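One structure below.
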Amino acid sequence: MARIVMKFGGTSVADINRIRNVARHVKREVDAGHQVAVVVSAMAGKTNELVAWTREASPMHDAREYDAVVASGEQVTSGLLAIVLQSMGVHARSWHGWQIPIRTDGAHGAARITDIDGSVLIKRFEEGQVAVIAGFQGIAPDNRISTLGRGGSDTSAVAIAAAVKADRCDIYTDVDGVYTTDPRIEPKARRLDRITFEEMLEMASLGSKVLQVRSVELAMVHRVRTFVRSSFADPDAPGMGDLHNPPGTLICDEEEIVEQEVVTGIAYAKDEAQISLRRVSDRPGVAAGIFGPLAEANINVDMIVQNISEDGKFTDMTFTVPSGDIAKALAVLEKVKATVGFDVLQHDEGMSKVSVIGIGMRSHAGVAATAFKALSEKGINIRAITTSEIKISILIDGAYTELAVRTLHSVYGLDKH
Ligand code: ASP
Ligand code: MG
């Protein structure tokens with residue numbers, strides 16, 4: 001007998017028929033004798049609709065009321081799934097965040113889970129009850145409902161799995177696992193059987209949209225074995241109930257991966273903007289003077305390149321921000337111009353960041369050189385580079401995104417089965 005948390009995303013619960021299919025996945029695990037808790041998202045498109053309504057009601061709205069409205073989507077699906085499960089003879093009950101309780105901080109609209117008391121859920125398990133929990137929500141210190149930020153029900157599921165010490169957290173979604181790259185760009189992309197927490201964190205942060213970044217962080221910290229799998233697969237197909245190797249991608253510890261490739265995947269993020277400050281005075285405090293105010297304005301600065309100063313007096317500073325933040329960033333920079341001191345401010349939109357990810361890079365030399373050579377052979381100009389122990393990110397002109405992804409995918413042999 002195992003303890004399993006099953007999470008179903010918006011497309012998996014998009015209508016009553018799909019909810020019935022989800023219920024069959026749940027029933028399969030219950031019938032196998034496992035202890036099961038379920039976390040659901042809102043029906044596909046529901047949260048967008050709710051968010052739009054709050055904006056329509058007033059563009060400047062109270063974040064507590066935003067939460068009161070947008071948390072309702074998950075409440076609907078948790079109740080509906082409980083009804084369907086009961087109709088199939090499964091002992092199920094729906095739960096809102098406050099009823100567990102899932103405690104969060106007070107950052108309404110983007111709250112972080114601070115504590116989940118697993119004991120109540122464990123008591124339910126022992127009574128043979130399947131708890132169907134509304135994802136994406138919790139209760140803030142002000143005793144009001146809070147939400148975890150878009151995509152947050154992944155985080156609800158992983159946090160609950162950690163709290164009850166589940167053997168596995170299954171994230172059911174509309175794809176059947178994590179791929180070496182986006183299959184819409186490279187049809188030769190392969191589904192990975194396993195990927196390490198560290199690599200998945202990079203993949204999620206660098207543009208792959210399969211999981212919310214925060215959920216991967218939590219899984220990594222608490223070592224929650226997390227499985228990405230398809231809810232559209234036939235719930236009763238052979239192997240679906242396999243405890244150790246069901247079809248999908250397991251996100252796990254490095255030790256669980258027998259044959260580690262050097263490169264595991266290629267991620268990309270479109271819509272990056274590049275900003276360059278020319279002739280910035282080269283003295284202590286300028287970087288803080290530039291990036292401090294940008295951070296205060298909540299602008300996510302990503303790649304930062306500072307040139308070596310030729311004359312010891314001036315240097316150039318280049319960095320990227322999401323295209324959507326460019327106007328805000330330029331306004332902030334104009335304001336600090338006098339104190340920081342720079343000559344010209346240049347900016348370019350429509351950039352993409354393409355990243356090569358693999359834990360094997362830690363022990364292999366030449367991975368970056370291979371990427372640079374492959375891109376140059378395709379005539380793709382590199383505008384900026386950043387690296388970490390397990391990834392290389394390259395900024396290029398957005399028009400070359402697809403070509404760069406395919407080129408890198410093939411040069412590291414990810415096409416081969
Ligand atoms: N329904 C929420 C959203 O669309 C949470 C989630 O689906 O993970 O962002
Ligand atoms: Mg999601």
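Counting starts at 1 for both ligands and their atoms, in listed order. Throughout, residue positions are numbered sequentially from 1 according to the sequence presented. What you are looking at is a predicted structure, and each value in this text was computed from that prediction instead of being measured.
The closest protein non-hydrogen atom to atom 6 (C) of ligand 1 is Ser153 OG, 3.0 Å. Of the protein's heavy atoms, Arg150 NH2, 2.9 Å lies nearest to atom 4 (O) of ligand 1. If you check which protein heavy atom lies closest to atom 7 (O) of ligand 1, you get Ser41 OG, 3.0 Å.
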task = Could you walk me through whether Ser94 and Ser78 pass side-chain hydrogen bond (donor to acceptor under 3.5 Å, both in side chains), step by step?
result = CA-CA 5 Å; Ser94 71; Ser78 63; 4.6 Å; no
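Between the side chains of His25 and Arg28, at least one donor-acceptor pair of N or O atoms lies under 3.5 Å.
In the candidate list Glu74, Lys7, Gln212, Glu74 is nearest to atom 5 (C) of ligand 1, counting heavy atoms.
Residue-ligand proximity: Gly73 is placed with every non-hydrogen atom at 4.0 Å or more from ligand 1. Remark: distances from the non-hydrogen atoms of Gly151 to ligand 1 include one below 4.0 Å.
Under the side chain to side chain contact (heavy atoms under 4.5 Å, CB included) rule, Val263 has a single partner from Val356, Thr180, Ile359, which is Val356. Among the candidates Val38, Leu121, Val40, the single residue satisfying the side chain to side chain contact (heavy atoms under 4.5 Å, CB included) test with Ile133 is Leu121.
Between Glu402 and Lys270 a salt bridge is recorded (basic side-chain N to carboxylate O distance below 4.0 Å).
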